[in-house]
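Along the sequence shown, residues carry numbers from 1. These figures come from a predicted structure and were not determined experimentally.
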Amino acid sequence: MTLLRSTALAALLAASLQPALAADKPHNVLIFVADGLRYDSVTARSAPTLWKLKTEGVDFTNSHSLYPTITTVNASAIATGHYIGDTGNFGNAIYSGFNSAVTGNSPVGQFEDDTMLGEMNDHFGGNYLNETSLIAAARAAGFATAIMGKVGPTSIQDVTQRDGAGTIVIDDAFGTPKGIVVAPDILAAIKAAGLAPNAPKTAYPNNEQQKYMIAVATKIVLPKLNASGKPFAMLFWSRDPDATQHSAKDSLGKLSPGINSGSGRGGIKDADYTLAALLAWLRTNGLDKTTDVFVTADHGFSTIEKHSATSAAARFEENDNNPLRAVDTENAPMPASRRDLPPGFLAIDLADALGLPLHDPHLHKEVDYRHGHHPGYGDGFIGSDPEHPELMVIGNGGSDILYLRGADAKAQAAKVVDILTKQDYVSGIFVDDDLGDIPGSLPMSAINWRGTAITPHPSIVVSFASHSIPGCKPALMCAAEVADTSLATGQGMHGTFSRADTRNFMAAMGPDFKARFADKAPVSNADINPTLAKIMGLTIRPKGGLTGRPIAEALKGGKMVAFRRDRTISAPATNGQKTLLEYQRVGETRYFDAAGFPGRTVGLSGH
């Protein structure tokens, strides 16, 4: 981006914010994101800092992740206050519409990568989200700003800030060729403090990397923000417990303890320790009384159990060597016919059912899936011409995103939905409104997927099945789900429309929030931006209308809001399957609890 263009954009953004700074100095804001933290994971013993914060401040007892319950989806919501029908951040990976070097010269965008985010901006008008984030608004209005933590969701918080000149951006890729530029004075201060020039590699639990980021935050970043003499806004995105829950190997092949293992609990302690260090710095420097702290998680979590009696991919996998096997509810190994589904199983099953070739968009070659081979990352392009596929399947863990690009997309969509309703691992299908009403599915507008997004719009999104693990309580800590991933049964994943994945942890405390208040109204990650913007005196003019609400009832002097529960159900498919969506409303703002086929989704009525 040229200097002239950058200056013009900054001037335009500043003009859209009213007021620049209130006459009375606004309070500071610290947003802490504990990636993958489930609400019921926080107890006085497991996470004393988080427990104390929710007990003494505001406990959001009815919290929600946005669907799909994936990291960068919710990062975009936390940043902008918009649902993804406006931001276009439909998953951790989407069809981008252009070939990217980051993903093997393929048109698949992987958002947990700073270089990819830069390419997305370049191809979509300078800001692929097409909305102003809270941190960008604060920066333009004169706040000192910083964002730290996990690569991808961190830089999404001020996605156009890439030159080190404004918001301080330090994620765990900084100091590497793929990282965001960090200002020379920050780098010099890191060196002077005796810290390494880049972060340690991610581990499970992520102790060393978390400690390093804490040191940079408390020795360099927070002191610099405080020394500016301005109010500050900072976001810290903790990799744990997500990183550890995904990669823990102490429960491979078993549902119990699954992600509730010792290493999983260690990841929760990592997040709690990190928050404790940030709060201690605020207290030591006399800023705890003038800083509002908002804690959230991007999504919940489940234990993986990926087997199927209907999947062609499972049968083809038996022809090859696959040591990973699914388990039954008693944790006994299953016979070879119940092996773990391979990555890309949905793409394989659709290619087989449609009778079309399958290509790996990253390796640029046809996939011989009938002999046990599978596409990488869960992504598969289906059709005779890999440069112009009829159907693209993009893997996103507990949900997959499908794009139809042929002239007969409507007819093909109906055929694909019919195939999906017959798979035992599918639970919930949503179809682009432009493709018409298809029995067994609901329209994407029902889940706020139709807005002002400027990225390519998906045709179908598929949520995978989930179930409760017998003998385990509480239910939302004990869910198992099918997931399109290279991870194995017993490890962790998210992304489905189960309540185990939509139920995230949220809490807040500070001078503008009520004390010892349990908020029973529904709230979501899309509400954080409008709530904190209100506290900070910012007016951010939206382009789209799919927004969250200020959580007024949690603020001092705020009154409790009324809310109600509702549901929408599709017409039945030929085999009787229906997609049921259950949600709550505060005025016109919708909060999605769970969706899927009755009996196949944790948290859905009757399950």
Colleague: How far apart are the C-alpha atoms of Phe90 and Phe111, what are their side-chain angles, what is the distance that settles it, and do they pass the ring pair (Phe, Tyr, Trp, His ring centres under 6.0 Å) test?
Modeller: CA-CA 10 Å; Phe90 295 104; Phe111 287 150; 9.4 Å; no
Colleague: Ignoring hydrogens and geometry beyond distance, is a side-chain donor-acceptor pair present between Gln161 and Arg139 at under 3.5 Å?
Modeller: yes
Colleague: Could you tell me if the side chain of Asn396 sits less than 4.5 Å from the side chain of Pro68, heavy atoms only?
Modeller: no
Colleague: Going by atom types alone, do Ser263 and Asp250 pair a side-chain donor with an acceptor below 3.5 Å?
Modeller: yes
Colleague: Hey, would you say the Tyr204 and His246 ring centroids sit under 6.0 Å apart?
Modeller: no
Colleague: For Pro257, is there any backbone N or O sitting under 3.5 Å from a side-chain donor or acceptor partner on Ser261?
Modeller: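 Judged by distance alone, no pair lies under 3.5 Å.
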Colleague: Looking at every non-hydrogen atom in both residues, tell me the closest pair between Ala193 and Ile220 and how far apart they are.
Modeller: CB-CD1, 4.0 Å
Colleague: Quickly, which of Asp527, Leu538, Leu134 forms a side-chain contact (heavy atoms from CB on, under 4.5 Å) with Leu532? Name it, please.
Modeller: Leu134
Colleague: Indicate whether the side chain of Asp171 and that of Ser155 have a donor and an acceptor atom separated by less than 3.5 Å.
Modeller: no
Colleague: Taking Lys211 for the side chain and Asn206 for the main chain, is one N or O donor matched with an acceptor at less than 3.5 Å?
Modeller: no
Colleague: Test your reading of the model: is there a side-chain donor-acceptor pair from Ser76 to the backbone of Val73, 3.5 Å cut-off?
Modeller: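 Between the backbone of Val73 and the side chain of Ser76 there is a qualifying donor-acceptor contact (under 3.5 Å).
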Colleague: Is it the case that Gln210 and Ser238 place a side-chain donor and acceptor less than 3.5 Å from each other?
Modeller: yes
Colleague: Under 3.5 Å, is there a donor-acceptor pair between the side chain of Asp379 and the main chain of Gly395?
Modeller: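 At least one qualifying donor-acceptor pair exists.
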Colleague: Which pair of non-hydrogen atoms, one from Lys25 and one from Pro231, has the smallest distance, and what is that distance?
Modeller: CE-N, 3.5 Å
Colleague: Closest approach of Leu282 and Val293, non-hydrogen atoms and distance?
Modeller: CD1-CG2, 4.4 Å
Colleague: Could you tell me whether Asp519 and Lys514 make a salt bridge, using a distance below 4.0 angstrom between a side-chain N and a carboxylate O?
Modeller: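 No, Asp519 and Lys514 are not salt-bridged.
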Colleague: With the side chain counted from C-beta on, respond yes when Leu129 and Phe124 share a heavy-atom pair under 4.5 Å apart, and no when they do not.
Modeller: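 No. Closest side-chain heavy atoms not under 4.5 Å.
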Colleague: Can you see which heavy atom on Ala93 is nearest to which on Val108, and at what distance?
Modeller: CB-CG1, 4.3 Å
Colleague: Using a 3.5 Å distance criterion without hydrogens, assess whether the side chain of Asn198 forms a donor-acceptor pair with backbone atoms of Phe174.
Modeller: no
Colleague: I'd like to know if the side chain of His362 and the backbone of Thr103 have a donor-acceptor N/O pair within less than 3.5 Å.
Modeller: yes
Colleague: Would you kindly say whether Asn525 and His64 are connected by a side-chain donor-acceptor distance under 3.5 Å?
Modeller: no
Colleague: Is any side-chain heavy atom of Ile551 closer than 4.5 Å to one of Phe513?
Modeller: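 Phe513 does not reach Ile551 side chain to side chain.
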Colleague: I would like to know whether Thr502 and Phe497 meet side chain to side chain contact (heavy atoms under 4.5 Å, CB included); could you show each step before the answer?
Modeller: CA-CA 7 Å; Thr502 67; Phe497 223 142; 4.1 Å; yes
Colleague: Please report the C-alpha distance between Lys54 and Phe505 in whole Å, then the side-chain angles of each, then the deciding distance to 0.1 Å, and finally whether the side chain to side chain contact (heavy atoms under 4.5 Å, CB included) criterion is met.
Modeller: CA-CA 10 Å; Lys54 81 162 190 169; Phe505 179 85; 3.9 Å; yes
Colleague: Does this structure show an ion pair linking Lys543 with Asp86, if we count only N-O contacts that are shorter than 4.0 Å?
Modeller: no
Colleague: Please round to the nearest 0.5 Å and tell me the distance separating atom CD of Glu112 and atom CD1 of Ile156.
Modeller: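 Those atoms lie 8.0 Å apart.
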Colleague: Taking the side chain as every heavy atom from C-beta outward, state whether Met560 and Phe517 have any atom pair closer than 4.5 Å.
Modeller: yes
Colleague: What's the separation between atom OG1 in Thr72 and atom CE in Met116, rounded to the nearest 0.5 Å?
Modeller: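 Reported value, rounded in 0.5 Å steps: 11.5 Å.
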Colleague: Treating Trp281 as the side-chain partner and Thr218 as the backbone partner, does any N or O pair qualify as donor plus acceptor under 3.5 Å?
Modeller: yes
Colleague: Counting N and O atoms only, with roles assigned by atom type, does the side chain of Asp501 sit under 3.5 Å from a partner on the main chain of Thr69, one being a donor and the other an acceptor?
Modeller: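 The answer is no, because no donor-acceptor pair under 3.5 Å joins these two groups.
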Colleague: Are Asn504 and Asp298 side-chain neighbours, meaning at least one heavy-atom pair lies under 4.5 Å?
Modeller: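 Asn504 does not reach Asp298 side chain to side chain.
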Colleague: Go through the steps for Asp242 and Lys150 under the test salt bridge (charged side-chain N to carboxylate O under 4.0 Å, His left out), then give the verdict.
Modeller: CA-CA 10 Å; Asp242 176 273; Lys150 180 180 178 180; 3.5 Å; yes
Colleague: Run the side chain to side chain contact (heavy atoms under 4.5 Å, CB included) check on Ile214 and Lys219 step by step: do they pass?
Modeller: CA-CA 8 Å; Ile214 289 169; Lys219 295 181 179 181; over 6 Å; no
Colleague: Is the closest basic N to carboxylate O distance between Arg503 and Asp40 below 4.0 Å?
Modeller: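 No, no charged N to carboxylate O under 4.0 Å.
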Colleague: Counting C-beta onward and ignoring hydrogens, is there a side-chain heavy-atom pair between His27 and Pro511 closer than 4.5 Å?
Modeller: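 Yes, side chains in contact.
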Colleague: Given the rule in the side-chain hydrogen bond (donor to acceptor under 3.5 Å, both in side chains) test, do Ser65 and Asn74 qualify, once you have shown the distances and angles that lead to the verdict?
Modeller: CA-CA 7 Å; Ser65 169; Asn74 283 275; 3.0 Å; yes
Colleague: Is a donor from one side chain sitting under 3.5 angstrom from an acceptor on the other, for Ser302 and Glu481?
Modeller: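 Side-chain D/A pair, Ser302 to Glu481: present.
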Colleague: Show the nearest heavy-atom pair for residues Leu278 and Leu30, with the distance to one decimal.
Modeller: CB-CD2, 4.2 Å
Colleague: What I'd like to find out is whether the side chain of Ile168 reaches to under 4.5 Å of the side chain of Ile147, using heavy atoms alone.
Modeller: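 Not in contact.
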Colleague: Would you check if the side chain of Ser228 reaches a backbone N or O of Leu225 as a donor-acceptor pair within less than 3.5 Å?
Modeller: yes
Colleague: Less than 6.0 angstrom separating the ring centers of Phe592 and Tyr67, yes or no?
Modeller: no
Colleague: Describe, in one word, how the ring planes of His299 and His494 are oriented to each other, choosing from parallel (under 30°), tilted (30 to 60°) and perpendicular (over 60°).
Modeller: parallel
Colleague: Kindly determine whether Asp512 and Lys556 satisfy salt bridge (charged side-chain N to carboxylate O under 4.0 Å, His left out), including the steps that lead there.
Modeller: CA-CA 6 Å; Asp512 289 292; Lys556 288 182 177 177; over 6 Å; no
Colleague: Measuring only between side-chain heavy atoms, which start at C-beta, is Thr87 closer than 4.5 Å to Ile84?
Modeller: yes
Colleague: Please answer whether the main-chain N or O of Gly36 pairs with a side-chain N or O of Gln245 as donor and acceptor at a distance below 3.5 Å.
Modeller: yes
Colleague: What verdict does the side chain to side chain contact (heavy atoms under 4.5 Å, CB included) test give for Asp240 and Asp35, after you've listed the backbone C-alpha separation in whole Å, the side-chain angles of each residue and the deciding distance to 0.1 Å?
Modeller: CA-CA 6 Å; Asp240 257 345; Asp35 201 308; over 6 Å; no
Colleague: Any chance you could measure Asp158, atom CG, to Thr167, atom OG1, to the nearest 0.5 Å?
Modeller: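 With rounding to 0.5 Å, CG (Asp158) is 4.0 Å from OG1 (Thr167).
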Colleague: Search all heavy atoms of Asn260 against all heavy atoms of Met477 and return the closest pair with its distance.
Modeller: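 In terms of heavy atoms, the two residues are closest at ND2-O, 2.9 Å.
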Colleague: Using distance alone, with no hydrogens and no angle criterion, decide if Ser100 and Glu119 have a side-chain donor and acceptor under 3.5 Å apart.
Modeller: yes
